[in-house]
Protein chains: 2
Amino acid sequence: MVTRSEENYLKAIYHLGKQGTVAVSTNAIAEKIESKASSVTDMIKKLAEKNLANYIKYQGVTLTESGRLAAALVIRKHRLWEVFLVEKLNFTWDEVHDVAEQLEHIKSPKLVNELDALLGFPTHDPHGDPIPDKDGHYTPLKSVNILEVEPGNEGVLARVIDSSDVFLKYLNKNNLALGDTIKVLDFEPFDHSLTIETATKKMIISNAVAKNLFISQEL
Amino acid sequence: MVTRSEENYLKAIYHLGKQGTVAVSTNAIAEKIESKASSVTDMIKKLAEKNLANYIKYQGVTLTESGRLAAALVIRKHRLWEVFLVEKLNFTWDEVHDVAEQLEHIKSPKLVNELDALLGFPTHDPHGDPIPDKDGHYTPLKSVNILEVEPGNEGVLARVIDSSDVFLKYLNKNNLALGDTIKVLDFEPFDHSLTIETATKKMIISNAVAKNLFISQEL
DNA sequence: AATCATTTTTAGTCTCATCTAAAAATATTT
DNA sequence: AAATATTTTTAGATGAGACTAAAAATGATT
Ligand SMILES: [Mn+2]
Ligand SMILES: [Mn+2]
Ligand SMILES: [Mn+2]
Ligand SMILES: [Mn+2]
């Protein structure tokens, strides 16, 4: 059995190390999971013991094949629940994360698959993140960071990386939502900020914000 | 904060002691929760410490007002999730209990209330158990144990007490479901069994089974 | 290459929720 | 009312998961 805590560590390693294929440092995990390095070392040993992670002292962790699958299935649940909360229970995209963080640990294969069906087999969650299938696979949607877009070009907001409620509330406040068409007007070399235009207005977004916005451009 | 384990104890006390108003013994709780008496004593002290239970050594436990409310809200969640699983996710009534046992501990007031709305504010779960409202109140549906019914009379199966999957599978096997009309034909004094008649057939049910069936009789 | 800084691991402690075994209190029989 | 049986509590131990402080390893800088 994989415990709740173990699942959270698997997810962190998966996210930090390109699906767990690249070695992740103890400190990086500690920060992500808001714990201490010593706690992480303990847990990593346990994961290695259970053949979910590959661990060499002082050289970070990667996930084994089964660790990677386990992580992907937790992420699958997390994202399906997020869709459920938004589509069926009137949650906004900035309200779903904490509840999904709990729901992702519910154990019932039937529940996950039926939920998937109820929602019409969605491919992406409310933040544009792809939903892995039963085998842990997904095809990331073709989107590009808004900072890579040449001024003058436009695209549809397809994904936001930061799912924290502070960031999403900022987007709400500025009327930016998934699916909105955004045109890049100007890049400012001094502070790396960006002037963009939406259906409703023109605005300047900081580099910190821009880093989190991904748009898809139809060819 | 009330932990998952505390919630399970609150529920047990609530169920065993007429909503926690009547003193429940340490052993009774231990059996219900499948733990040991010594563990129960420990937990009861903790609940008393948190003002969720009234505890006098050697004299059992009752729930305080806030303990009763906390218990009722967990039960509310449990039963709403059961309805959700059956109504929306194609679970059968014998499959829901274990999953609901996990889901009942998810913390999010909005989630519960939206779920309630999605389901159309149901008053009973798939086993005929009443669903408490936000204040922990409910009106138990007027039903009578089938053993109290005079032979010759009939009623509609409205509630089953045992929600274990073995019992529910027994009912499935014999084509007995909530809402079915059941006529009591004969009571056997020797083993206290009962002969009943449904739309499809006549059958004998043991006293152990009969104890768990409640029917409502319209006047 | 030697020193200093950072990261990671180890050692030891804590809380929560459990358990077993023994002691104490209560309940039931004779 | 004693003796016996049962229930409940206490005492002490364990494992999971977290922490702090100190030691060890690695990495960076002179
Ligand atoms: Mn989580
Ligand atoms: Mn998301
Ligand atoms: Mn439970
Ligand atoms: Mn039920």
Side-chain angles (χ1 to χ4, degrees), chain A residues 1-14 16-17 20 22-63 67 70-71 74 98 101-102 104-107, chain B residues 1-14 16-17 20 22-63 67 70-71 74 98 101-102 104-107:
Chain A
M1 224 234 28
V2 184
T3 69
R4 164 178 300 235
S5 185
E6 285 165 358
E7 286 186 340
N8 285 332
Y9 276 90
L10 289 172
K11 247 191 5 169
I13 298 167
Y14 186 97
L16 290 168
V22 159
V24 178
S25 77
T26 302
N27 263 357
I29 298 169
E31 187 173 335
K32 180 113 190 170
I33 241 159
E34 293 183 297
S35 65
K36 296 299 159 74
S38 54
S39 309
V40 174
T41 302
D42 282 354
M43 183 55 87
I44 287 172
K45 284 178 182 167
K46 205 180 305 175
L47 294 176
E49 195 58 49
K50 291 189 176 186
N51 277 301
L52 294 166
N54 308 114
Y55 171 53
I56 307 171
K57 265 192 197 177
Y58 295 103
Q59 288 179 222
V61 223
T62 59
L63 295 180
V74 176
D98 291 348
E101 207 58 45
Q102 300 177 60
E104 71 188 2
H105 302 292
I106 301 292
K107 266 136 193 116
Chain B
M1 225 231 32
V2 183
T3 68
R4 163 179 301 236
S5 187
E6 286 165 358
E7 286 186 341
N8 285 332
Y9 276 89
L10 288 173
K11 248 191 4 169
I13 299 167
Y14 187 96
L16 290 168
V22 160
V24 177
S25 79
T26 302
N27 262 358
I29 298 169
E31 187 173 335
K32 181 113 192 172
I33 240 158
E34 293 183 297
S35 65
K36 296 298 159 74
S38 54
S39 309
V40 174
T41 304
D42 281 355
M43 183 56 87
I44 286 173
K45 284 178 182 167
K46 205 181 304 175
L47 293 176
E49 194 58 48
K50 291 190 176 186
N51 277 301
L52 295 166
N54 308 113
Y55 171 54
I56 307 171
K57 265 192 197 179
Y58 295 102
Q59 288 179 222
V61 222
T62 59
L63 296 180
V74 175
D98 291 349
E101 207 58 44
Q102 300 177 58
E104 71 188 2
H105 302 292
I106 301 292
K107 267 135 192 114

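Model, not experiment: these values are computed from the prediction. Throughout, a chain's letter reflects where its sequence line sits, starting with A, and its residues are numbered from 1. Keep in mind that the numbers below use all heavy atoms, side chains included, and drop hydrogens, waters and symmetry copies.
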Tell me whether the side-chain N/O atoms of [X] come closer than 4.0 Å to OP1 or OP2 in [N].
X	N	value
A:K57	D:dA24	no
B:N27	D:dT6	no
B:Y55	D:dT9	yes
B:K45	D:dT10	yes

Sugar-phosphate, base or nothing in reach of B:T41, heavy atoms under 4.0 Å: base
Taking all non-hydrogen atoms of both residues, which atom of [X] and which atom of [Y] are closest, and how far apart?
X	Y	result
A:K50	A:M1	NZ-O, 2.9 Å
A:Y9	A:S35	OH-OG, 3.6 Å
A:Q102	A:R4	O-NH2, 4.3 Å

Separation of A:T26 OG1 from A:I44 CD1 (nearest 0.5 Å): 4.5 Å
Spacing of CE belonging to A:M43 relative to CD1 belonging to A:I33, to within rounding of 0.5 Å: 8.0 Å
A:I13 and its side chain to side chain contact (heavy atoms under 4.5 Å, CB included) partner, picked from A:V40, A:T62, A:L47: A:L47
Integer-rounded Å distance: C:dA25 C1' and B:I56 CD1: 15 Å
Length of the CD1-C1' vector between B:I44 and D:dT7, whole Å: 12 Å
Any N/O pairs under 3.5 Å between the protein and nucleotides 17-20 of chain C? List them or say none.
residue: C:dA17; atom: OP1; partner: B:T3; partner atom: OG1; Å: 2.8
residue: C:dA17; atom: OP2; partner: B:K46; partner atom: NZ; Å: 2.3
residue: C:dT18; atom: OP1; partner: B:S5; partner atom: OG; Å: 3.4
residue: C:dT18; atom: OP2; partner: B:S5; partner atom: OG; Å: 3.1
residue: C:dC19; atom: OP2; partner: B:K36; partner atom: N; Å: 3.1
residue: C:dC19; atom: OP2; partner: B:S39; partner atom: OG; Å: 2.5
residue: C:dT20; atom: OP2; partner: B:K36; partner atom: NZ; Å: 3.1
residue: C:dT20; atom: O4; partner: B:S38; partner atom: OG; Å: 2.9

